Each structure stands twice: as C-alpha cells, then as structure tokens.
Amino acid sequence: MRTTVQVVSYVEKVVCDGCLSKDGTQTEATETLSLGDRSWDLCATHHDRFGRYLADALGSGLPDEQTDAEPVVSVPESGPVETETNDVQADAPTVTETEEPTPDADLVDYVSRIMDSRKARKGKPLDPNSQAARAQWSKHRERLAVLPEKEGADYAKWCATEGKDAQLTASHVEFRGFMWSEFPHMARAYADAMRGVPQQDQTPAESVTPEERPLSDRERNKIVRQWARENGFDVPARGRIPMAVSHAYRLANEERESGSKESHTAA
C-alpha cells in the first residue's frame with residue numbers, strides 16, 4: 001500500500017507595524033526600532049521616516065562610528081636626550097597633562113552627573129544608550145570645545161578650586177549652573193560672548209562714577225552679607241554665601257527696580 005504524506009512547512013513572517021497600523025498592509029519588516037523597553041518592527045520606508053522624526057525632535061546625535069575611541073599610538077623612546085638647562089628652567093613647576101577623555105567615557109560621566117533637560121522629563125536621569133542623552137551631551141560637548149577666552153580662564157580656575165576635571169563635559173555644565181546661581185551677570189556675559197553678541201562700549205575709567213562702575217565679586221558679596229543681616233538672614237562672615245540668601249537678595253532687588261520703573265512711568 002502506497003501512502004502519500006504531504007508536508008506543510010510554515011515560514012514566520014515579521015510584518016511592519018507601521019503599515020499594519022496605517023492600512024492593514026502586511027509588508028515584511030526589515031528593521032527594528034527600539035526606545036527604552038519597547039520596540040517596533042518596521043519596513044525600510046517607515047524606519048527611515050520615523051528615524052527622521054526622532055532626529056528632528058531630539059537632534060541628530062552622534063553616529064556609532066564616531067563614538068569609537070581614537071587609537072593611541074605609542075612611540076618608543078630613542079634614548080636619553082641631553083639638554084642644557086639654566087637655574088630658571090630647573091625651578092619651573094612641572095605641568096602634568098591629563099589625557100582627553102574618550103567620547104564614550106565622557107558620555108558615561110555626563111549622564112551620571114547631569115539630569116535630563118527636556119521639559120517633559122526635566123530633572124530625571126538620562127539613559128546613556130538613548131538618542132536624547134547623546135543629543136543633549138553632544139550639544140554641551142560642542143560648547144565646551146569653543147569656549148571664549150574669558151570664560152575658559154574662569155572655568156579653569158573654578159575647576160582647580162573645586163577639584164573638577166576641566167576636560168569633562170559635565171564639569172562645564174556644573175560650572176555654568178554655578179555661575180547662573182551665584183553670578184548671573186557673568187553667566188549672561190558668557191552666553192552672549194558665545195553667541196557673538198557684541199558687548200556694550202565701556203565708558204573710560206576716568207569718567208565712570210562709583211555708582212556706574214560694575215561691582216567686583218568682593219564688593220557684591222559684602223553688600224549681600226550686609227543686606228542679609230539687616231533682613232534677618234544668618235550668613236557667615238567669610239566663605240560662600242548660601243544660595244537661598246543670594247536668591248532672596250536678587251528677588252528683593254528685582255522688586256525694587258520694577259517699582260522704580262513704574263514710578264518713573266507714572267511721573
């Protein structure tokens with residue numbers, strides 16, 4: 001007796017979620033788009049389209065091939081080189097050069113110290129594997145690379161005082177935050193200089209009255225301490241002024257200035 005057996009084989013086909021949601025078309029998926037713990041199977045057309053949407057919304061970020069660390073080439077020493085030194089050179093301090101962090105190491109340090117700045121997730125931790133984290137970090141990294149001379153000098157002093165690595169992107173973000181909190185006029189000048197906004201012409205020193213001359217940090221701190229004691233705040237005689245006191249002083253001066261402007265307008 002001869003028996004014919006029919007073998008039926010099934011081939012699994014992954015269809016595009018975009019086409020299926022749009023018109024029910026079962027187009028074969030060739031790509032997978034993942035965001036956090038969710039993923040979608042997409043055809044090439046929808047993958048490119050949604051990729052452009054995300055790039056427009058979150059920034060282009062950095063391609064994977066640009067995040068690889070550059071190879072370090074070690075050059076063998078050819079032997080001791082005798083040089084003539086004088087007493088001044090012998091007494092000169094030795095400058096230790098720190099190696100610039102790789103993009104991946106800088107990004108990991110960044111997300112461990114800086115929070116998400118987007119309005120919907122403001123203050124929440126960043127995911128180092130997300131496109132949003134790379135876009136935010138890339139913007140701040142590019143800013144650090146083109147610091148104006150004045151801000152660069154102040155930033156280097158601040159890092160030396162606070163024990164921060166000046167080559168890390170997160171350090172400069174923290175520096176900007178500190179300046180906006182304690183010295184907003186300086187932070188605004190940094191931002192204007194980076195945008196290329198021309199500074200106002202300075203009045204010659206001989207024609208500037210004490211009231212018109214900008215206050216130094218020491219003078220401003222002295223005024224803030226005096227104001228704080230007169231208004232019941234407890235402030236140390238030396239050292240950093242508490243942030244709450246600085247904030248209260250700024251609010252009080254803003255109210256005073258706004259009231260002065262209103263009285264002039266009424267007159």
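Since the model is a prediction, treat every value here as computed from it, not as a measurement.
- Classification of Arg141 and Asp106 as a salt-bridged pair holds, one side-chain N sitting under 4.0 Å from a carboxylate O.
- Closest heavy-atom contact between Pro128 and Ala133: CA-CB, 4.4 Å.
- Counting only heavy atoms from C-beta outward, the side chains of Glu31 and Cys43 never approach each other to under 4.5 Å.
- Using a 4.5 Å cut-off on side-chain heavy atoms (C-beta onward), Thr45 and Asp48 make no contact.
- Among residues two or more places apart in sequence or in another chain, the salt bridge (charged side-chain N to carboxylate O under 4.0 Å, His left out) test is passed with Glu162 by Arg240.
- Note on Leu107 and Leu168: separate hydrophobic clusters, where clusters join Ile, Leu, Val, Met, Phe, Trp and Tyr whose side-chain heavy atoms are under 4.5 Å apart, directly or indirectly.
- Interatomic distance, Asp109 CG to Ser171 OG, rounded to the nearest 0.5 Å: 6.5 Å.
- The distance from the CD atom of Glu28 to the CG atom of Leu42 is 13.0 Å, given to the nearest 0.5 Å.
- With respect to Asp192 and Arg188, no salt bridge is recorded, no charged nitrogen being found less than 4.0 Å from a carboxylate O.
- Going from atom CG of Asn221 over to atom CD of Glu182 covers 8.0 Å, rounded to the nearest 0.5 Å.
- At a threshold of 4.5 Å between side-chain heavy atoms, the hydrophobic network of Ile, Leu, Val, Met, Phe, Trp and Tyr places Trp180 and Tyr190 in two separate groups.
- Using a 4.5 Å heavy-atom cutoff, the side chains of Met179 and Pro184 are not in contact.
- Hydrophobic clustering of Ile, Leu, Val, Met, Phe, Trp and Tyr side chains at less than 4.5 Å, counting indirect connections, keeps Met243 apart from Trp158.
- Heavy-atom neighbours of Glu230 CD from other residues, nucleotides or ligands within 6.0 Å: above the threshold of 12.
- Side-chain contact between Thr169 and Trp137: present, with at least one pair of heavy atoms (C-beta onward) separated by less than 4.5 Å.
- Taken to the nearest 0.5 Å, the CG atom of Asp116 stands 7.5 Å off from the OG atom of Ser130.
- Asp17 contributes a side-chain N or O that, together with a main-chain N or O of Asp41, makes up a donor-acceptor pair within less than 3.5 Å.
- Residues Gln136 and Tyr110 form a side-chain contact, since some pair of their non-hydrogen atoms from C-beta on lies under 4.5 Å apart.
- Arg143 meets the side-chain contact (heavy atoms from CB on, under 4.5 Å) test with His140, His172, Val173, Arg176, Met194; sequence neighbours excluded.
- No donor-acceptor pair closer than 3.5 Å links the side chain of Arg225 to the backbone N or O of Val235.
- Side-chain contact between His46 and Cys19: present, with at least one pair of heavy atoms (C-beta onward) separated by less than 4.5 Å.
- Inter-residue side-chain proximity for Glu151 and Phe175 is flagged as met; some heavy-atom pair is nearer than 4.5 Å.
- Looking only at side-chain heavy atoms (C-beta outward), Cys16 and Trp40 stay at 4.5 Å or farther from each other.
- Between the CG atom of Asp127 and the CZ atom of Arg134 there is a distance of 10.5 Å, given to the nearest 0.5 Å.
- The nearest pair of heavy atoms linking Gln26 to Val15 is CB-CG1, 3.8 Å.
- No continuous path of ILVMFWY side-chain contacts below 4.5 Å connects Leu126 to Val108, so the two sit in separate hydrophobic clusters.
- In this structure, Ala228 and Val245 approach most closely via the heavy-atom pair CB-CG1, 3.6 Å.
- Atom OG of Ser34 and atom CD of Gln131 lie 13.0 Å apart (nearest 0.5 Å).
- Applying the 6.0 Å contact sphere to CE of Met115 captures more than 12 heavy atoms from other residues, nucleotides or ligands.
- Within the 3.5 Å criterion, the main-chain N or O of Gly177 finds no donor-acceptor partner in the side chain of Ser181.
- Tyr249 and Asn231 form no side-chain donor-acceptor contact under 3.5 Å, judged by distance and modelled atom types alone.
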